[in-house]
Amino acid sequence: MFATALSAPFWPLPPHRRLGSIAERSKQLVARLGLTNEDLCKLMEAIAARKDRQAFSQLFAFFAPRVKGFGIRRGVEPAAAEEIAQEALLAVWRKAETFDRRKASVATWVFTIVRNKHIDLFRRHAYPEVDIEELAETADDAAPADRALASAQDGSAVREAMRNLPAEQLLILQKAFYEDKSHRAIADELGLPLGTVKSRIRLALARMRGALPEAVHDHD
Amino acid sequence: MITTDPSLQSVPIAHHPDPAVLLAYSAGTLCESVALAIACHASICRGCRDEIERLNAVGGAMISEASPAAVGDDALDRVLARLDEPVPPAPVAPHLDAETRTVVPGPLQRYLSCSLSTLPWRRIGRSLEEARLPLSGSGVKTALVRIKPGRSVPRHSHAGLEYTLVLAGGYQDNGEDFRRGDYAEFDSSHEHQPVADADGGCLCLVILDAPLRLSGWLGRLINPFLRV
Ligand SMILES: [Zn+2]
């Protein structure tokens, strides 16, 4: 069930990180080995369908250390990053029925939960979320609201596209997601004109769109 | 009054947030008010919604490839022990009438305590009415603003930023039309004077993140509205 190879990361991994021994318990395996989106979807669906604690344990083993690592990379104290990881995984359990593999990969869905937990913890407000039901009533192209964004289904296409981004574009995405910096703050820090940062973001998004063609919409 | 004719909603949206703002939305960098404007726009704009989905997928990739940090030995057990805790009840949503549910995008409905017609509208001069919204953030003002048919907001520029999202009706500004779903962001380099449609007026979500700088003497009359 589990993929045995980690896909190559788009930034260097610490040298001590190795694949675990097959003798280790399953949750440790899960934590160290790559899981495909398909694997993760099955775990999510087992949680949603029958409150499967074993599936949740595997999902926790995979995501909790990554969510904590993501928080630390965002500058959060380790103890708070662990609290966010626990709260986020608890929210994953509670919201499991709302996960829909046709709309997003598990990692994407978990990301939005983690982002909202960060904001809830540090800024004490809810983060307004896009209402995906709304387009059914107001869409100008009459497409069904649950149209699959096939691009989002498999994280590997996204990671591949990111590996192919020019370094100057990837750097800006990393500063946005890891350092919580706005385009204005990034421009200040890098000593670049705001227009240059904006155009790099525009180019990066165009490349992501090209790599994930199902979602192309010409609305400019 | 505000036009709620559904046919108006099929006019394609012409003015979208810059991709840099969509990135800031996805990464969680925006303040609550601007995030609300973006969430509302993307709830009625498929192109921007897809762009945000792709950006969220970038965030997902950053998490799934993040260097793992070991969690405590008891972390899983502590969460397992909480799985059966009762879920905190969702706040009771107030009843909103049909006009409100048609005009106000879902993310904004959650900030309304009552329907549009019964909000505590405050008249400002002869052209405007506003109803402030309860959002976090000091120095940021968030309000629903109605401009009466054919009326204008006094010419002004900004010390900070002004964000508007048209919810119903429309306005003209510097020769451009803005209607339902159109998003605009103005900084200190812009001086503008929006004029509402003659036939239906305009309802907007407006966010000001610093006091406006008034250009004309008339502006002083509506200064209370413009002051954050
Ligand atoms: Zn848009």
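Note on naming: letters A, B, ... go to the chains in the order of the sequence lines (proteins, then strands), and numbering restarts at 1 for each one.
- For Q86(A), the parts lying under 4.5 angstrom from a heavy atom of chain B are both the backbone and the side chain.
- Rounding to the nearest 0.5 angstrom, the gap separating the CG atom in L205(A) from the CG atom in D50(B) is 12.0 Å.
- A distance-only check finds a donor-acceptor pair linking the side chain of R115(A) to the backbone of S26(B) [under 3.5 Å].
- In E77(A), the CD atom is not crowded: 12 or fewer heavy atoms of neighbouring residues, nucleotides or ligands sit closer than 6.0 Å.
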Item to complete: Would you sort out whether D131(A) and R49(B) count as a salt bridge (charged side-chain N to carboxylate O under 4.0 Å, His left out), showing the intermediate values?
Response: CA-CA 9 Å; D131(A) 192 334; R49(B) 187 182 115 190; over 6 Å; no
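- Residue R202(A) holds its CZ atom at 12.5 Å from CG of L23(B), rounded to the nearest 0.5 Å.
- Summarising the geometry, atom CD belonging to E53(B) is positioned 12.5 Å from atom CE belonging to M208(A); distances are rounded to the nearest 0.5 Å.
- Y25(B) touches chain A through backbone and side chain together, each having a heavy atom under 4.5 Å away.
- Counting heavy-atom pairs closer than 4.5 Å to chain B, the top residue among G69(A), P128(A), A64(A) is P128(A).
- Residue with the most contacts toward chain B among H125(A), K181(A), K68(A): H125(A) (heavy-atom pairs, distance under 4.5 Å).
- The closest donor-acceptor contact from the side chain of R66(A) to the backbone of S64(B) lies under 3.5 Å.
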Worksheet item: Do M62(B) and R73(A) pass the side chain to side chain contact (heavy atoms under 4.5 Å, CB included) test, and can you show the C-alpha distance, the side-chain angles, and the key distance before you say yes or no?
Response: CA-CA 10 Å; M62(B) 298 230 175; R73(A) 180 121 191 215; over 6 Å; no
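- Contacts of K51(A) with chain B are absent, with no heavy-atom separation under 4.5 Å from either backbone or side chain.
- Between atom CD1 of residue I201(A) and atom CG of residue D18(B) there is a gap of 7.5 Å, rounded to the nearest 0.5 Å.
- Looking at A35(B), the atoms closer than 4.5 Å to chain A (heavy atoms on both sides) sit in the backbone and in the side chain alike.
- In this structure, no portion of L108(B) lies under 4.5 Å from any heavy atom of chain A.
- Rounded to the nearest 0.5 Å, atoms CH2 (W93(A)) and CG (L83(B)) are 5.0 Å apart.
- Atom-to-atom distance recorded for N56(B):CG and T108(A):OG1 is 7.0 Å, nearest 0.5 angstrom.
- For the set A24(B), A70(B), C31(B), the entry with the most heavy-atom pairs within less than 4.5 Å of chain A is A70(B).
- Neither the backbone nor the side chain of L22(B) comes within contact range of chain A; no heavy atoms are under 4.5 Å apart.
- For T112(A), the part lying under 4.5 angstrom from a heavy atom of chain B is the side chain only.
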Worksheet item: Would E32(B) and R123(A) satisfy salt bridge (charged side-chain N to carboxylate O under 4.0 Å, His left out), going step by step from the backbone distance to the final call?
Response: CA-CA 9 Å; E32(B) 186 180 13; R123(A) 293 200 236 140; over 6 Å; no
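- Neither the backbone nor the side chain of V197(A) has a heavy atom closer than 4.5 Å to any heavy atom of chain B.
- Heavy atoms closer than 4.5 Å to chain B are found in both the backbone and the side chain of F177(A).
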Discussion item. Could you walk me through whether V21(B) and H183(A) satisfy the side chain to side chain contact (heavy atoms under 4.5 Å, CB included) test, starting with their C-alpha distance in whole Å, then the side-chain angles of each, then the deciding distance to 0.1 Å, before giving a yes or no?
Written reply: CA-CA 8 Å; V21(B) 178; H183(A) 42 289; 4.1 Å; yes
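- Heavy atoms closer than 4.5 Å to chain B are found nowhere in R124(A), neither backbone nor side chain.
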Fill in: Audit row: E129(A), R110(B), salt bridge (charged side-chain N to carboxylate O under 4.0 Å, His left out) steps and yes/no
CA-CA 11 Å; E129(A) 290 199 82; R110(B) 291 184 262 287; over 6 Å; no
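- Looking at R200(A), neither its backbone nor its side chain comes within 4.5 Å of chain B, counting heavy atoms on both sides.
- Taking every heavy atom of both residues into account, V58(B) and M162(A) meet most closely at CG1-CE, 3.5 Å.
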Discussion item. Please evaluate residues E82(A) and R78(B) with respect to the criterion salt bridge (charged side-chain N to carboxylate O under 4.0 Å, His left out), reporting the C-alpha separation (whole Å), side-chain torsions for both, the decisive distance (0.1 Å), and the verdict.
Written reply: CA-CA 12 Å; E82(A) 175 143 344; R78(B) 285 169 62 176; 5.6 Å; no
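- The minimum heavy-atom distance linking T29(B) with Y127(A) is given by the pair N-OH, 4.0 Å.
- In this structure, S57(A) and L80(B) have side chains that are in contact, with non-hydrogen atoms separated by less than 4.5 Å.
- Interface residue L173(A): backbone and side-chain heavy atoms are both found under 4.5 Å from chain B.
- Across all their heavy atoms, G28(B) and I119(A) have their closest contact at O-CD1, 3.7 Å.
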